[in-house]
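These values consider heavy atoms only, across backbone and side chains, with no hydrogens, waters or symmetry-generated copies. We name chains A, B, ... by the order of the sequence lines, and we start the count at 1 in each one.
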Number of protein chains: 2
Amino acid sequence: MPPKPSVSKLVPKVPGMPGVTGASRRQQYSASTKRALVDVAEELFTDLGYAAASLDSIVAGARVTKGALYHHFSGKQALFEAVFERVEADASRAIQKALKGKKDPWEKALAGLQAFLAVVQEPRYRRIVIQEGPSVLGYERFREQEERSTFANVLEIVRAVLNAGTWELEEEMLQTFARIFFGAMSSAGESVSSADDPIAAAERVETAIAFILQGFQVLAADGVPLPGATPEAD
Amino acid sequence: MPPKPSVSKLVPKVPGMPGVTGASRRQQYSASTKRALVDVAEELFTDLGYAAASLDSIVAGARVTKGALYHHFSGKQALFEAVFERVEADASRAIQKALKGKKDPWEKALAGLQAFLAVVQEPRYRRIVIQEGPSVLGYERFREQEERSTFANVLEIVRAVLNAGTWELEEEMLQTFARIFFGAMSSAGESVSSADDPIAAAERVETAIAFILQGFQVLAADGVPLPGATPEAD
DNA sequence: TCTGGGTACGTACTCACGGTATGTGAGCAC
DNA sequence: GTGCTCACATACCGTGAGTACGTACCCAGA
């Protein structure tokens with residue numbers, strides 16, 4: 001319990017909620033105002049979108065004022081970026097977790113795909129990362145962020161799968177394939193989340209991508225070189 | 001209410017040499033104010049983005065006032081939608097044109113892919129459709145628009161390619177494959193347009209996608225059924 | 001214990017921008 | 001020429017991002 005000053009004025013009370021004390025948020029969590037702002041912002045950005053979520057409503061939800069917000073963030077966009085990074089980081093961690101322990105590249109790929117499809121269906125990921133991200137951050141910054149988190153996972157998986165055989169791909173070609181798969185999975189994931197039957201849709205996506213990967217295997221077995229590959233002793 | 005028998009037309013009087021300054025835009029192009037607004041809006045939305053392009057600057061560029069704008073459009077978003085639809089329609093036409101005359105599905109696919117990669121590199125398409133579209137229109141409306149134009153082209157190509165062999169795919173599975181390829185091409189296209197060497201990057205993408213399609217062919221030759229395919233007499 | 005500076009806010013304001021309400025001249029219809 | 005509508009123009013309003021500045025609190029050092 002922090003030392004109680006004689007009078008705390010301007011306490012934003014919740015009207016009609018006698019159970020909630022009038023103590024200011026600052027007194028309760030003075031150290032975590034920033035987190036409270038990000039929490040509320042994440043919710044409002046998810047529900048309303050960037051433009052429609054006003055700073056007034058965000059600071060009201062966090063029970064602070066705009067002064068506090070501008071103390072911690074340089075502006076609305078910076079607040080959004082904080083939210084964006086957290087959502088991306090969470091998504092990346094979820095995928096990493098799914099990959100954990102899988103040793104076989106194909107198993108890894110399947111687990112990663114499933115985790116990715118799950119993430120893409122989260123409302124906050126869809127809204128904040130996919131829908132608003134490019135517009136608010138600008139395409140360059142959006143791409144940078146993506147590169148460091150979710151895309152990195154896809155790249156890792158693709159690398160594992162494509163290098164599993166007798167190929168040793170050029171880095172640029174590998175990046176190209178990763179881009180292609182990343183886009184394929186994103187788009188497919190979005191279609192899954194807006195499908196009438198998401199479970200069936202997810203299965204179709206998994207089947208389709210597995211089929212594509214199977215094509216890779218067969219080509220490898222037939223000795224067809226991957227484009228941009230340098231032959232490797234087997 | 002009786003139907004209007006005549007169409008009111010404003011004939012530009014233009015008594016002599018129309019000076020560039022002075023005369024109101026209404027007198028010169030009163031019938032095409034709407035198009036002028038869309039033209040200017042397209043340019044400003046492309047250069048500045050949706051939020052940063054103010055209506056004041058748009059109406060100033062079109063040499064009208066906000067009253068005129070709100071006479072033709074219900075608001076800023078409606079104006080954006082008009083721009084969006086035109087850009088999408090142009091893109092779709094460009095792809096259709098590239099497909100024209102190609103009979104062989106593989107040839108068709110390659111031409112379509114190249115046209116798509118070209119479209120994705122246009123600044124207005126990148127900014128208005130890819131970057132701002134989902135955010136401004138909302139995901140649902142964005143998806144709808146896409147479905148009717150660019151995606152429809154991809155679907156057509158994928159249908160031609162996948163049905164070329166001995167398969168007859170279920171419609172849903174076909175849609176899934178089309179989604180996957182659409183996403184792959186979008187993502188790849190974006191990476192192409194932001195690459196240091198777009199030409200080389202485009203070649204890599206074409207190579208990679210051709211390789212994937214080759215996998216389909218080989219699997220078909222090996223008699224591996226496409227998932228969701230009903231066998232067909234050959 | 002006093003004091004000075006820094007931190008973490010709160011308050012009150014400005015300004016730009018989207019949207020609206022209303023005014024107005026030009027051109028038919030009769 | 002009178003009245004109506006269309007195609008705008010102008011003036012205004014509300015909202016919301018961002019800013020200037022004040023202030024309570026905390027800690028360090030004298």
Undergrad: What is the separation between atom CD1 on B:Ile58 and atom P on C:dG18, rounded to the nearest whole Å?
TA: 8 Å
Undergrad: Would you mind reading off the distance between A:Phe45 atom CZ and D:dG16 atom P, rounded to a whole angstrom?
TA: 13 Å
Undergrad: Over how many whole Å does the gap from B:Gln77 atom CD to C:dG19 atom P extend?
TA: 9 Å
Undergrad: Nearest-nucleotide wise, let me know which of A:Ala52 and A:Ser74 is further upstream toward the 5' end of DNA chain D.
TA: A:Ala52
Undergrad: With nearest nucleotide decided by heavy atoms, which residue, A:Gly67 or A:Tyr50, maps closer to the 5′ end of DNA chain D?
TA: A:Tyr50
Undergrad: Please report the distance, rounded to the nearest Å, between NZ in A:Lys34 and P in C:dA8.
TA: 10 Å
Undergrad: Distance check needed: C:dG19 P versus B:His72 NE2, whole Å only.
TA: 17 Å
Undergrad: Just to be sure I understand the rule, does A:Ala51 reach a base, reach only the sugar-phosphate, or reach nothing, if contact means heavy atoms closer than 4.0 Å?
TA: nothing
Undergrad: Kindly say whether, by distance alone, the side chain of A:Lys76 makes a donor-acceptor pair under 3.5 Å with the base of D:dG18?
TA: no
Undergrad: When you check the phosphate oxygens OP1 and OP2 of C:dA8, does a side-chain N or O of A:Thr33 lie under 4.0 Å from one of them?
TA: no
Undergrad: Would you say the side chains of B:Ser193 and B:Gln121 form a donor-acceptor pair under 3.5 Å?
TA: no
Undergrad: With a 6.0 Å cut-off (strictly less than), is the heavy-atom count around CD of B:Glu172, excluding the residue itself, greater than 12?
TA: no
Undergrad: Quick test of your reading of the model: are A:Asp90 and A:Arg124 salt-bridged, counting only N-O distances below 4.0 Å?
TA: yes
Undergrad: Return the value, rounded to whole Å, for the distance between atom NE2 of B:His71 and atom C1' of C:dG23.
TA: 15 Å
Undergrad: Can you measure A:Lys66 atom NZ to C:dA12 atom C1' for me and round it to whole angstrom units?
TA: 11 Å
Undergrad: Using a cut-off of 4.0 Å on non-hydrogen atoms, how would the nucleic acid contact of A:Gly75 be classed: base, sugar-phosphate, or nothing?
TA: sugar-phosphate
Undergrad: Counting heavy atoms from C-beta on, name the nucleotide in D:dC8, C:dG10, D:dA17 closest to the side chain of A:Leu55.
TA: D:dA17
Undergrad: Test your reading of the model: is there a side-chain donor-acceptor pair from B:Thr46 to the backbone of B:Glu42, 3.5 Å cut-off?
TA: yes
Undergrad: How is B:Thr65 classified with respect to the nucleic acid when contacts are heavy atoms under 4.0 Å: base, sugar-phosphate, or nothing?
TA: base
Undergrad: Whole angstrom is fine here: how far is it from OH in B:Tyr70 over to P in D:dT10?
TA: 17 Å
Undergrad: Under a 3.5 Å distance rule, please check whether A:Tyr125 uses its side chain to pair with a backbone N or O of A:Ala118 as donor and acceptor.
TA: no
